[in-house]
Amino acid sequence: MHEHRASGWPELHELLFADAWNEDLRLFRSSLAYRGASDAAAGLQSALARLGGGHELERQLMRAFRKYAAQDAVPHDTDWDWLALGQHHGLPTRLLDWTYSPYVALHFATQNIARYDRDGVVWCVDYTRAHELLPRPLRSALAQEGADVFTTELLSGAAPALGDLEG
């Protein structure tokens, strides 16, 4: 892991867009996903982990969420669709929100004025290199689809239930 502390906007901008220029497309397109947070000391963990909960707590929360949600609230009745919807509505899950835009990540790093006395952070992960760490069935699912990231449909095909990833 590489850590950089920018001393100002020009340096931060340069760091976030380093090596992102794609000459073929004549656009900035990198293989990075970004996540911003208003307190660098908080660490990179999910809301579920911050609660100290594990997969059993997540299952209980999801069961209650599904019980009270409209049954047609998700496009497909899969664990992954329900988990994504729950995450969107603030349910503590194992998921972390990432974006392709460093500017969106910067928004989340700076939007909480109550934390202006702390350093914010923007995490970057090279998702193409991260794919190398995936188990073979998940790597194959991405390659077969020609995809860079998982959709709920793709995940439900490779790991139909949340528990399928726990091994």
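Heavy-atom basis, side chains included; hydrogens, waters and symmetry copies ignored.
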Original post:
Heavy atoms, side chains only, cut-off 4.5 Å: are Leu61 and Pro92 in contact?
Top reply: yes

Subject >> Distance (rounded to the nearest 0.5 Å) between Arg35 CZ and Leu96 CG >> reply: 4.5 Å

Subject >> Spatial distance of atom CD (Glu3) from atom CH2 (Trp123) [nearest 0.5 Å] >> reply: 10.5 Å

Original post:
When you look at NE2 of His88, are more than 12 heavy atoms from neighbouring residues, nucleotides or ligands closer to it than 6.0 Å?
Top reply: no

Original post:
More than 12 heavy atoms of other residues, nucleotides or ligands under 6.0 Å from CD of Glu14: is that the case?
Top reply: no

Subject >> Sidechain-backbone polar pair: Arg50 side chain, Gln45 backbone, donor-acceptor under 3.5 Å >> reply: yes

**OP:** Of all the heavy-atom pairs spanning Val125 and Ala130, show the shortest one and how long it is.
**Re:** CG2-CB, 4.4 Å

**OP:** Please examine the side chains of Val122 and Leu15, heavy atoms only from C-beta on, and report whether any two atoms are closer than 4.5 Å.
**Re:** no

Original post:
Transitively linked via ILVMFWY side-chain contacts under 4.5 Å: Leu57 with Phe65?
Top reply: yes

**OP:** Return yes if some donor-acceptor pair links the side-chain N/O of Glu153 with the main-chain N/O of Asp81 below 3.5 Å, else return no.
**Re:** no

**OP:** Report whether Leu95 and Phe108 are members of the same hydrophobic cluster (ILVMFWY, side-chain heavy atoms less than 4.5 Å apart, transitive linking).
**Re:** no

Subject >> Within-4.5 Å side-chain heavy-atom neighbours: Leu16 and Cys124 >> reply: yes

**OP:** Keeping the roles fixed (side chain from Glu58, backbone from Leu48), state whether a donor-acceptor pair exists under 3.5 Å.
**Re:** no

**OP:** Evaluate side-chain contact (heavy atoms from CB on, under 4.5 Å) for Leu91 paired with His89, printing each intermediate quantity in order.
**Re:** CA-CA 6 Å; Leu91 191 72; His89 286 284; 5.9 Å; no

**OP:** State whether the side chain of Gln71 and the backbone N or O of Ala69 hold a donor-acceptor pair below 3.5 Å, judged by distance alone.
**Re:** yes

Original post:
Do Thr99 side-chain atoms and Ala105 backbone N/O form a donor-acceptor pair below 3.5 Å?
Top reply: no

Subject >> Crowding at OH, Tyr100 (>12 non-hydrogen neighbours, <6.0 Å) >> reply: yes

Subject >> From NE2 (His55) to CE (Met62), nearest 0.5 Å >> reply: 13.5 Å

Original post:
Say you draw a straight line from CZ of Arg118 to CG of Asp39; how long is it, rounded to the nearest 0.5 Å?
Top reply: 5.0 Å

Original post:
Using 30° and 60° as the class limits, which term best fits the ring planes of Trp21 and Phe28: parallel, tilted or perpendicular?
Top reply: perpendicular

Original post:
Are Leu138 and Leu142 in one and the same hydrophobic cluster, where Ile, Leu, Val, Met, Phe, Trp and Tyr link if side-chain heavy atoms are under 4.5 Å apart?
Top reply: yes

Original post:
At their closest point, which heavy atom of Ala161 faces which heavy atom of Asp79, and how far apart are they?
Top reply: CA-OD2, 3.3 Å

Original post:
Take atom CD in Glu23; do more than 12 heavy atoms of anything else shown fall under 6.0 Å from it?
Top reply: yes

Subject >> Rounded distance [0.5 Å steps], OG in Ser140 versus CD in Glu145 >> reply: 12.5 Å

**OP:** Quick one: closest heavy-atom pair of Gly157 and Pro160, and the distance?
**Re:** O-CD, 4.5 Å

Original post:
Looking only at atom types and distance, does a side-chain atom of Asp119 sit under 3.5 Å from a main-chain N or O of Ala40, one as donor and one as acceptor?
Top reply: no

Original post:
Got Gln87 and Asp97 here, is their nearest side-chain heavy-atom distance under 4.5 Å?
Top reply: yes

**OP:** Could you check if a side-chain atom of Arg94 sits within less than 4.5 angstrom of a side-chain atom of Leu83, using non-hydrogen atoms only?
**Re:** yes

**OP:** Taking atom CD1 of Ile113 as the centre, report whether more than 12 heavy atoms of other residues, nucleotides or ligands fall under 6.0 Å from it.
**Re:** no

Original post:
Which heavy-atom pair separates Ala70 from Trp82 by the least distance, and what is that distance?
Top reply: O-CH2, 3.5 Å

Original post:
Does the pair Arg66 and Asp77 meet the rule for a salt bridge (Lys or Arg N to Asp or Glu O under 4.0 Å), with working shown?
Top reply: CA-CA 10 Å; Arg66 288 178 76 156; Asp77 188 20; 2.6 Å; yes

Subject >> CA sep, side-chain torsions, deciding dist, call: Trp9, Leu106, side-chain contact (heavy atoms from CB on, under 4.5 Å) >> reply: CA-CA 11 Å; Trp9 175 253; Leu106 282 170; 3.7 Å; yes

Original post:
For Ala159, does its backbone N or O pair with a side-chain atom of Trp80 as donor and acceptor, under 3.5 Å?
Top reply: yes

Original post:
Any link between Val149 and Trp98 through a network of hydrophobic side chains (Ile, Leu, Val, Met, Phe, Trp, Tyr) touching at under 4.5 Å?
Top reply: no

Original post:
When you measure from the side chain of His131 to the backbone N and O of Arg139, does any donor-acceptor pair fall under 3.5 Å?
Top reply: no

**OP:** Please confirm whether Tyr127 and Phe150 have ring centers closer than 6.0 angstrom.
**Re:** no

**OP:** Find out whether Val104 and Tyr34 are in side-chain contact, i.e. whether some heavy atom of one side chain is under 4.5 Å from a heavy atom of the other.
**Re:** no

Subject >> salt bridge (Lys or Arg N to Asp or Glu O under 4.0 Å) assessment of Arg129 paired with Glu132 >> reply: CA-CA 6 Å; Arg129 290 187 59 206; Glu132 298 167 9; 5.1 Å; no

Subject >> Other residues, nucleotides, ligands: >12 heavy atoms within 6.0 Å of Gln144 CD >> reply: no

